[in-house]
Amino acid sequence: MILALHIFTALFVAAGLAFFLAGTVGLLRLPDPLARLHALTKADNIGLGLVVIGLLPQAVAWGGVLDAAKMVGIWLLLQISSGAVAQMMAEVAYRAGENPPRRDGAAPEGEGAP
């Protein structure tokens, strides 16, 4: 039983870390701030969720039901705040002129010929 609990935790924490790594790669490799924010917020939310799911059985097994509730609360607060923060950062980037390139190859709004 204990071995299964450790394997469950290891699998979910490893999957969460993989999502964190994917978000970091997206942050470093994507071309514009809006795409970077999208990759980072989505990957971090899923990654933290997987880490919390992996650690919940360990916390409950050690008698820390309150600790498990705190982890879930932190994850829920992150879910709420990351979307709002990403929206504010995207608005600042847009107003600073960091417009993403258009798909049709034309210059972004406000650039090029009138």
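We're numbering straight along the sequence, starting at 1.
Looking at residues two or more places apart in sequence or on another chain, you find a side-chain contact (heavy atoms from CB on, under 4.5 Å) between Ala90 and Leu34, Leu37. Listed by chain and number, the residues in a side-chain contact (heavy atoms from CB on, under 4.5 Å) with Val72 are Val52, Leu56, Leu76 (sequence neighbours excluded). Applying the side-chain hydrogen bond (donor to acceptor under 3.5 Å, both in side chains) test to Asn45 and every residue at least two apart in sequence or in another chain returns Ser82.
Other members of the cluster containing Leu40 are Leu27, with ILVMFWY side chains joined at under 4.5 Å, either directly or via other members. Residue Leu66 belongs to no hydrophobic cluster, having no ILVMFWY side-chain heavy atom closer than 4.5 Å to its own. The hydrophobic side chain of Val92 is isolated, with no ILVMFWY side chain under 4.5 Å apart from it.
Applying the ring-ring contact (aromatic ring centres under 6.0 Å, His included) rule to pairs touching residues 13-58 yields nothing, sequence neighbours excluded. Within the structure, every pair that satisfies the salt bridge (Lys or Arg N to Asp or Glu O under 4.0 Å) test and touches residues 75-91, not counting sequence neighbours, is listed here: Glu91-Arg95. Sorted by first and then second residue, the side chain to side chain donor-acceptor pair (under 3.5 Å) pairs with a member in residues 59-80 form an empty list; sequence neighbours excluded.
Under the 4.5 Å side-chain heavy-atom criterion for ILVMFWY residues, no single connected hydrophobic cluster contains both Leu55 and Val65.
The two residues Ala39 and Gly26 have their closest heavy-atom pair at CB-CA, 4.2 Å. A pairwise comparison of heavy atoms in Val51 and Gly16 identifies CG2-CA, 4.0 Å as the closest pair.
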Output a table of donor-acceptor pairs, distance under 3.5 Å, between side-chain atoms of residues 7-14 and any protein atom two or more places apart or on a different chain; print 'none' if there are none.
residue	atom	partner	partner atom	Å
Thr9	OG1	Leu5	O	3.0
Thr9	OG1	Gly54	O	2.9
Thr9	OG1	Gln58	NE2	3.1

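Applying the 6.0 Å contact sphere to CE of Met71 captures more than 12 heavy atoms from other residues, nucleotides or ligands.
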